[in-house]
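Just so it is clear, the structure is predicted and the values come from calculations on it, not from any experiment. Index from 1, following the sequence.
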Amino acid sequence: MAAPATPLAPTARGVRTVAFVEGVRTPFGKAGDKGIYAGTRADDLVVNAIRELLRRHPELPPERVDEVAIAATTQIGDQGLTIGRTAALLAGLPKSVPGFAIDRMCAGAMTAVTTAASGIGFGAYDIAIAGGVEHMGRHPMGEGVDPNPRIIADKLVDPTALVMGQTAENLHDRFPAITKQRTDAYAARSQERYAEAVKTGKIGPELVPVATRSKELGWGLATEDEPPRPGTTLETLAGLKTPFRPHGRITAGNAAGLNDGATASLLADEETARELGLPVAMRLVGYSFAGVEPEVMGIGPVPATEKLFKRTGLSIDDIGLFEINEAFAVQVLAFLDHFGIDDEDPRVNQWGGAIACGHPLASSGVRLMTQLARQFAERPDVRYGMTTMCIGIGMGGTVIWENPAFEGAK
């Protein structure tokens, strides 16, 4: 066979270091007609977040942004139409900046980050914006979808797999040592930790004020999360209804609510970040996604994490800080039990979690990352941290990050 007339480009490429520069988010609201964002468009929420990133980093020429990846679980209406591209245009980025939409249910923003980061690591991008939005008031999960009936008829999954609260009840069945009393205690602690983090200014600097509009109240300004229930006690949690099963264990108190909100993060090749004077808050170590039985989707973070440990050579003992999405308390406790971590371990969700502040599905992954990045800055004694979450239809996702402020063993 004759040699090609033009020499082929080399195919071997080195992987570049991906930096998490900063993440921001809107205050999270309660879904529904009385929520703070009832009169606010979904795309305007994420546009606010992108604009805030650009405002905070005037050292970044907007034309240097190579991609905008925005996730939404229900890609319809004002969170459809390739929202990564439309949000980029609405945020004032040059028309030369492309964008795309992505969906992995609860891990949408997490997947937007890992996908964009992969492009940076490969050399396709130098700078990217990744985030997510969910307006569950305007677009309830599953709106407009048409699941193939064979999923149930052919018994590919248990019928409970399509109702997240029922999958959480199934997880209780599988792990009877995780009692309702334990999940309620965990939920009360999440509320308490969140309230303390707000009081001490740990939560707040990452929030983007959002103008709101109400038919009854007129214009307003959202500056803080709406879902938290300060003063939650074990007594109040014990008396809540169990809507997914008679005498069940899942309640509105030990699960995240239905919420509206958006997140955005700035990612960069570390050398490019240094060149432009962008801060480096975290370095990406690795990520992994794994599938599980959809009817117990809450266990997803366990195999995703085990898979990632095998790929990175790290272990649970190397992780100094955890940000675990609290879709349901039972799901967090299943993860902790698997890895032998105490329910009250201070490394885990030290500023509270989604049970307190809310879980607007596709946006939540970047909230976890943003909080971890801010914790890294305070903890030079910690080298590695983890963000992990369960994902609807039976998946889990885990990302490990390195702290650039790590000072080594003392």
Residues at least two apart in sequence or cross-chain that pass side chain to side chain contact (heavy atoms under 4.5 Å, CB included) with Leu81, listed by chain then number, are Thr86
Please name all residues satisfying ring pair (Phe, Tyr, Trp, His ring centres under 6.0 Å) with Tyr37, sequence neighbours left out, ordered by chain then number.
-> none
Which pairs pass ring pair (Phe, Tyr, Trp, His ring centres under 6.0 Å) with one or both residues in residues 146-181, sequence neighbours excluded?
-> none
Glu59: partners by salt bridge (charged side-chain N to carboxylate O under 4.0 Å, His left out), with sequence neighbours left out = none
Partners meeting side chain to side chain contact (heavy atoms under 4.5 Å, CB included) with Ala161 (sequence neighbours left out) | Val157, Pro294, Glu295
Does Phe335 have any ring pair (Phe, Tyr, Trp, His ring centres under 6.0 Å) partners at least two apart in sequence or in another chain, and if so, which?
-> Phe339
Taking only residues two or more places apart in sequence or in another chain, which ones pass side chain to side chain donor-acceptor pair (under 3.5 Å) with Asn403?
-> none
Does any pair with a residue in residues 20-30 pass side chain to side chain donor-acceptor pair (under 3.5 Å), and if so which ones, sequence neighbours excluded?
-> Glu22-Arg56, Glu22-His57, Arg25-Asp225
If you look only at pairs with a residue in residues 199-214, which of them pass as a side chain to side chain donor-acceptor pair (under 3.5 Å), with sequence neighbours excluded?
-> Lys202-Glu378, Ser214-Glu216
With sequence neighbours excluded, residues passing salt bridge (charged side-chain N to carboxylate O under 4.0 Å, His left out) with Asp154 = Arg150
Who are the side chain to side chain contact (heavy atoms under 4.5 Å, CB included) partners of Met395, not counting sequence neighbours?
-> Arg104, Ile391
Contacts of type side chain to side chain contact (heavy atoms under 4.5 Å, CB included), residue Arg51, not counting sequence neighbours | Val47, Ala91
